[in-house]
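First comes the structure, then the notes that go with it.
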Amino acid sequence: MIETKVAVIGCGVVGAAIAYELSQVPHLKVTVFDRQMPAQESTGAALGVLMAAISQKVKGRNWRLRQTSLERYDALVNELEAATGRSVPYNRAGIVSLIYDETTWPKWEKLQTVRQEQGYPLALWTPEQLREHLPLLNPAGICGAVYSSRDRQIHPAQFTQALVAAAQQRGVTFHLNCNVRAIQYPLLQTDQGTDTADWIVIASGLGSRLLSPSPLPMIPVLGQAIKIQCASSLLPKTFQPVVNGNDIHLVPLGKNQYWIGATVEFPPQAPDISIDGLIPKADSLQTVLNGAIAYCPALAQGTIIEQWSGLRPRPQGQPAPVIQPVEDNARIILATGHYRNGVLLAPATALTVKSMLRE
């Protein structure tokens with residue numbers, strides 16, 4: 001069989017997942033390019049909360065992508081750990097979402113019915129049941145909770161690194177610290193020379209808009225998060241789910257450490273916002289921390305041991321993510337613009353791109 005060369009531009013979680021899935025196709029020779037080391041941009045700033053069954057998406061492309069990833073994740077993590085010998089931090093305890101508005105309860109009951117038909121259990125807890133399961137949470141203002149046992153949380157950077165290691169074992173070549181400056185199909189102009197490819201997959205997040213031969217409007221949306229060390233566990237030792245309240249995540253990491261985040265900070269309204277012009281705001285991060293403390297007061301006694309931020313690519317004029325060929329050239333595929341769901345949708349995106357290359 002004739003060898004087909006595939007270039008993947010971007011080695012965040014999406015690019016790495018694509019490389020891994022394509023590495024399993026025998027006739028493909030896959031090369032990945034990134035101007036940095038893996039998982040440095042939005043992947044490195046993500047919390048890895050995989051909200052699929054607990055989301056309100058129940059049909060259409062958005063749900064299909066979430067469902068595909070949800071069905072792939074458990075087996076994928078097992079594959080990576082077996083292949084690489086690495087332990088990928090992967091929380092299978094599910095997600096608890098706090099409900100503050102009792103008028104939304106019928107919406108959750110409807111979702112519970114839909115998910116049951118789809119084979120995904122959702123439990124609706126009263127405030128009393130919530131206190132029974134998570135006694136350290138502050139019940140004030142909470143009228144109940146939704147628990148999804150099938151949703152997950154993963155460490156984005158370590159997951160990406162495992163994907164890279166497994167892909168390398170399967171023969172994928174990685175040119176890291178190598179910037180792709182322009183695409184003139186089938187040529188890729190890099191700062192280390194010129195390469196050629198039969199297929200080009202652009203998965204470089206915000207950088208994709210500069211490389212795409214067709215217009216790809218995207219804006220950066222900044223997210224900040226922190227890691228907190230507590231003196232003791234905030235959640236029962238036998239039940240350590242991700243907790244979400246008012247879109248603020250409390251992510252248990254073990255050893256009484258927690259991620260808190262993330263902010264959603266849009267750029268100023270300007271015709272052409274500079275990515276470098278979007279600066280993290282301390283008050284935005286403090287608002288998120290205060291929100292987490294409101295439902296888990298013991299966090300106030302913890303110590304902030306790390307703080308970070310990253311930019312997520314949000315498409316303009318079309319829904320996220322963008323997984324499609326560019327105009328006028330079906331051999332250049334966009335796999336980008338995942339906004340806040342890059343880690344969640346990486347497996348589904350990779351499988352979608354894999355199927356596109358087989359057509």
Side-chain angles (χ1 to χ4, degrees), residues 45-55 70 73-74 77 87-100 108 112 115 120-159 223-263 285-308 340 343-344:
L47 300 184
V49 180
L50 311 177
M51 302 182 76
I54 206 169
S55 79
L70 182 61
Y73 248 112
D74 285 2
V77 171
S87 177
V88 179
Y90 184 54
N91 188 343
R92 301 173 191 249
I95 298 175
V96 175
S97 189
L98 308 179
I99 301 175
Y100 293 90
W108 290 107
Q112 182 187 43
R115 292 293 186 243
Y120 303 108
L122 283 184
L124 301 184
W125 291 345
T126 65
E128 291 73 26
Q129 289 173 312
L130 177 62
R131 284 195 294 272
E132 178 183 343
H133 290 289
L134 301 172
L136 287 187
L137 297 191
N138 176 19
I142 298 175
C143 58
V146 183
Y147 172 54
S148 173
S149 60
R150 282 288 279 111
D151 285 323
R152 304 287 188 251
Q153 184 273 332
I154 197 164
H155 192 294
Q158 293 189 39
F159 174 51
Q224 299 185 72
I226 55 176
K227 181 192 286 187
I228 290 184
Q229 176 71 61
C230 295
S232 59
S233 180
L234 306 180
L235 305 172
K237 291 185 178 180
T238 57
F239 184 52
Q240 296 266 315
V242 172
V243 179
N244 173 58
N246 285 328
D247 204 26
I248 299 170
H249 296 304
L250 171 65
V251 179
L253 302 172
K255 300 181 180 179
N256 302 329
Q257 294 182 356
Y258 301 86
W259 280 341
I260 307 295
T263 66
L285 186 58
Q286 187 61 51
T287 297
V288 165
L289 178 56
N290 291 344
I293 291 173
Y295 69 72
C296 187
L299 280 170
Q301 307 305 315
T303 302
I304 297 175
I305 57 175
E306 188 178 347
Q307 178 177 333
W308 68 96
R340 302 178 69 190
V343 182
L344 167 62

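These figures come from a predicted structure and were not determined experimentally.
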Would a distance-only check, ignoring hydrogens and angles, find a side-chain to backbone donor-acceptor pair under 3.5 Å from N246 to I248?
no
So Y73 and F159, would you call those rings parallel, tilted or perpendicular, with 30° and 60° as cut-offs?
tilted
Of all the heavy-atom pairs spanning P139 and R131, show the shortest one and how long it is.
CB-NH1, 3.6 Å
Rounded to the nearest 0.5 Å, what separates atom CD1 in I99 from atom CG in L130?
9.5 Å
Between L253 and K227 the two heavy atoms that sit nearest each other are CD1-CE, 3.9 Å
Those residues at least two apart in sequence (or on a different chain) that pass side-chain contact (heavy atoms from CB on, under 4.5 Å) with I293 are L289, L299, A300
Any donor-acceptor pair under 3.5 Å from Q153 side chain to L47 backbone
yes
Min side-chain heavy-atom separation C296-V243 under 4.5 Å
no
When the ring centroid of W308 is compared with that of W259, is the distance short of 6.0 Å?
yes
For the atom pair CD (Q301) and CD1 (I228), what is the distance rounded to the nearest 0.5 Å?
11.0 Å
Starting at CG of L234, measure out to CG of L134 and round the result to the nearest 0.5 Å.
10.5 Å
Can you see which heavy atom on A52 is nearest to which on L344, and at what distance?
CB-CD1, 4.3 Å
Audit row: Y90, L50, side chain to side chain contact (heavy atoms under 4.5 Å, CB included) steps and yes/no:
CA-CA 10 Å; Y90 184 54; L50 311 177; 4.3 Å; yes
Backbone N or O of V88 within a donor-acceptor pair of the Q158 side chain at under 3.5 Å?
no
Please check if the side chain of Q229 supplies one atom and the backbone of I304 the other of a donor-acceptor pair under 3.5 Å.
no
Closest contact, heavy atoms only, G48 versus V343
CA-CG1, 4.1 Å
Within-4.5 Å side-chain heavy-atom neighbours: N91 and R152:
no
Check: Y120 and L70 side chains under 4.5 Å, non-hydrogen atoms
yes
Kindly say whether A53 contributes a backbone atom to a donor-acceptor pair with the side chain of R115 at under 3.5 angstrom?
yes
When every non-hydrogen atom of Q240 is compared with those of L235, the smallest separation belongs to NE2-O, 3.0 Å
When rounded to the nearest 0.5 angstrom, what distance separates NE2 in H133 from CD in E128?
11.5 Å
Using distance only, find each side-chain donor-acceptor pair of residues 141-149 under 3.5 Å and give its atom names and separation, not counting sequence neighbours.
| unit_1 | atom_1 | unit_2 | atom_2 | d |
| --- | --- | --- | --- | --- |
| Y147 | OH | A93 | O | 2.7 |
| S148 | OG | D151 | OD2 | 2.9 |

Tell me whether N244 contacts the main-chain N or O of L250 through its side chain, where contact means a donor paired with an acceptor under 3.5 Å.
no
When rounded to the nearest 0.5 angstrom, what is the spacing between CG in N290 and CD1 in I260?
11.5 Å
Heavy-atom side-chain proximity of W108 to I54 below 4.5 angstrom
yes
Using the side-chain contact (heavy atoms from CB on, under 4.5 Å) criterion, which residues pair with S87? Sequence neighbours excluded.
E81
So which atom in R150 and which in P121 form the shortest heavy-atom distance, rounded to 0.1 Å?
CG-CD, 3.9 Å
Please find out if less than 6.0 Å separates the ring center of Y295 from that of Y100.
no
Main-chain N/O of T126 paired with Q129 side-chain donor or acceptor, under 3.5 Å:
yes
Between S233 (side chain only) and P236 (backbone N and O only), is there a donor and an acceptor less than 3.5 Å apart?
no
In this structure, NZ of K255 is separated from SG of C230 (nearest 0.5 Å) by 15.5 Å
Can you confirm whether V77 sits close enough to I154 that some side-chain heavy atom of one is under 4.5 Å from a side-chain heavy atom of the other?
yes
Min side-chain heavy-atom separation I226-E306 under 4.5 Å:
no
